[in-house]
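This report refers to the structure that appears directly beneath it.
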Amino acid sequence: MAGRMEGARWSGKTTVVCVTGAGGYIASWLVKLLLSRGYTVHATVRDPRDPKNAHLGRLEGALENLRLFKADVLDQNALAAAVSGCQGVFHLACPVPTDKVLDPEDWYMVAKVIAEKTALEYAEKNGLNVVTVCPTMALGPLLQPMVNVSHEFLLYIIKGGPTVMKNIPWHIVDVRDVADALLLVYEKEKSARRYICAPNCISAIDLVNMLKKAHPKYNYVNCNDLVPNSIVTPLMSEKLKNLGWKPSKTLEETLLDSVESYEKMGLLQDVEGCPCRLPHLFHMAIEK
């Protein structure tokens, strides 16, 4: 989600923007892109001293143009301090339950939907320009030292989870292309409302076969060969492409770069007998 103040492109001045949840997967790549384009970035994280956020300080241009703010996304005063002086805000943070989730059914997606709806309604009432980008499952290389939910899903496939996976289609986008899309809708004055970011769709079996072709040594999850009972309507990114978005990564590049990150981080060692846990968010993917 991106918010732009009118007249934000100040001639001869550095543009200051805020990125919430900056230590996250997509947000980290967005911060990297913004710094490379000469932006000054106010980045909110829960704890600037936490080692999991150290990668932000190592980004090129961080020393001069990155400032970390300690801020919980539900702390209005802390967020106000972070956005002060900014011409735009990229809101990527999502509230994460600190206690045990009593009802685990898709809380993350619900939070995202409510955030988008609330932001658009607030924008209409207060004369703000709020634009949303809705990516599908983002994969690709990692900047942060830990995996997020989408990578836990791919690790489950590679390491051979204990359950059979349904042969359903998956929409995938490269994290670097998501960052490009977010910056594009911010910089384009004519951008408006919602954009779908979904360039690739692949079945579970074809996904496994594509990975096996390049990395045959891993166990991989078993997939059934059944055709899904329901027809899945392909997601389209035409509105985003018409704005000028051109995905730079093929699906194969995205997957292979993901695997390379796992290997560097040692996440694929001792594969046999150590299956990865499938996040509840993807419970619909496996046979009951």
Side-chain angles (χ1 to χ4, degrees), residues 1-10 13-35 38-59 61-103 107-134 143-146 148-149 179 182-183 185-187 193-194:
M1 186 182 302
R4 179 180 61 242
M5 302 293 289
E6 297 302 330
R9 299 278 71 82
W10 290 3
K13 292 186 178 181
T14 299
T15 300
V16 183
V17 296
C18 177
V19 177
T20 67
Y25 180 47
I26 295 176
S28 293
W29 278 101
L30 176 60
V31 171
K32 177 180 172 68
L33 178 61
L34 288 166
L35 292 174
Y39 283 81
T40 293
V41 180
H42 289 190
T44 76
V45 293
R46 289 192 183 90
D47 184 357
R49 296 173 296 181
D50 193 318
K52 70 179 182 181
N53 295 317
H55 64 285
L56 295 173
R58 295 192 292 268
L59 296 174
L63 183 62
E64 302 83 7
N65 294 321
L66 178 65
R67 183 180 175 190
L68 298 183
F69 287 78
K70 181 177 182 179
D72 186 281
V73 72
L74 299 179
D75 186 336
Q76 182 176 348
N77 291 332
L79 287 179
V83 303
S84 178
C86 294
Q87 285 82 58
V89 176
F90 295 87
H91 179 45
L92 279 76
C94 181
V96 177
T98 55
D99 300 319
K100 183 178 180 181
V101 180
L102 299 179
D103 182 3
W107 63 265
Y108 177 80
M109 289 179 280
V110 171
K112 286 292 189 182
V113 170
I114 293 175
E116 180 185 21
K117 182 175 183 292
T118 303
L120 291 174
E121 290 176 350
Y122 184 86
E124 288 182 359
K125 293 178 181 179
N126 294 276
L128 294 177
N129 184 7
V130 172
V131 182
T132 63
V133 174
C134 302
L143 291 176
Q144 78 273 30
M146 54 194 299
N148 63 336
V149 174
L182 287 164
L183 184 53
V185 300
Y186 174 75
E187 293 184 332
R193 304 291 292 185
R194 171 192 280 178

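Numbers for residues simply follow the sequence, beginning at 1.
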Please report the shortest heavy-atom distance between [X] and [Y], naming the atom on each side.
X: Leu66; Y: Ala43; result: CD1-CB, 3.8 Å
X: Gly57; Y: Ala62; result: O-CB, 3.6 Å
X: Val185; Y: Val131; result: CB-CG1, 4.0 Å
X: Cys18; Y: Val83; result: SG-CG1, 3.9 Å
X: Leu35; Y: Gly61; result: CD2-O, 4.0 Å

Salt bridge (charged side-chain N to carboxylate O under 4.0 Å, His left out) partners for [X], two or more places apart:
X: Asp47; value: Arg49
X: Glu124; value: Arg193
X: Arg67; value: none

Restricting to pairs with a member in residues 18-30, which pass side chain to side chain donor-acceptor pair (under 3.5 Å), not counting sequence neighbours? Thr20-His91, Tyr25-His151, Ser28-His55
If I take atom CG from residue Leu30 and atom CG from residue Leu143, how far apart are they, to the nearest 0.5 angstrom? 11.0 Å
Any chance you could measure Leu59, atom CG, to Asn65, atom CG, to the nearest 0.5 Å? 11.5 Å
Listed partners of [X] passing side-chain contact (heavy atoms from CB on, under 4.5 Å), at least two apart:
X: Val16; result: Thr40, His42, Cys86, Gln87
X: Ala54; result: Arg58
X: Arg194; result: Glu116, Thr132, Cys134, Ile196
X: Lys52; result: Asp50, Pro145, Met146

With a 4.5 Å limit on heavy-atom distance, are the side chains of Thr15 and Tyr186 in contact? yes
Worked verdict on Leu182 versus Ile26 for side chain to side chain contact (heavy atoms under 4.5 Å, CB included): CA-CA 10 Å; Leu182 287 164; Ile26 295 176; 4.0 Å; yes
Show me, pair by pair, the donor-acceptor contacts under 3.5 angstrom made by side chains of residues 68-80, not counting sequence neighbours?
{"from": "Asp72", "atom 1": "OD1", "to": "Leu74", "atom 2": "N", "distance (Å)": "2.8"}
{"from": "Asp75", "atom 1": "OD1", "to": "Asn77", "atom 2": "N", "distance (Å)": "3.2"}
{"from": "Asp75", "atom 1": "OD1", "to": "Ala78", "atom 2": "N", "distance (Å)": "3.2"}

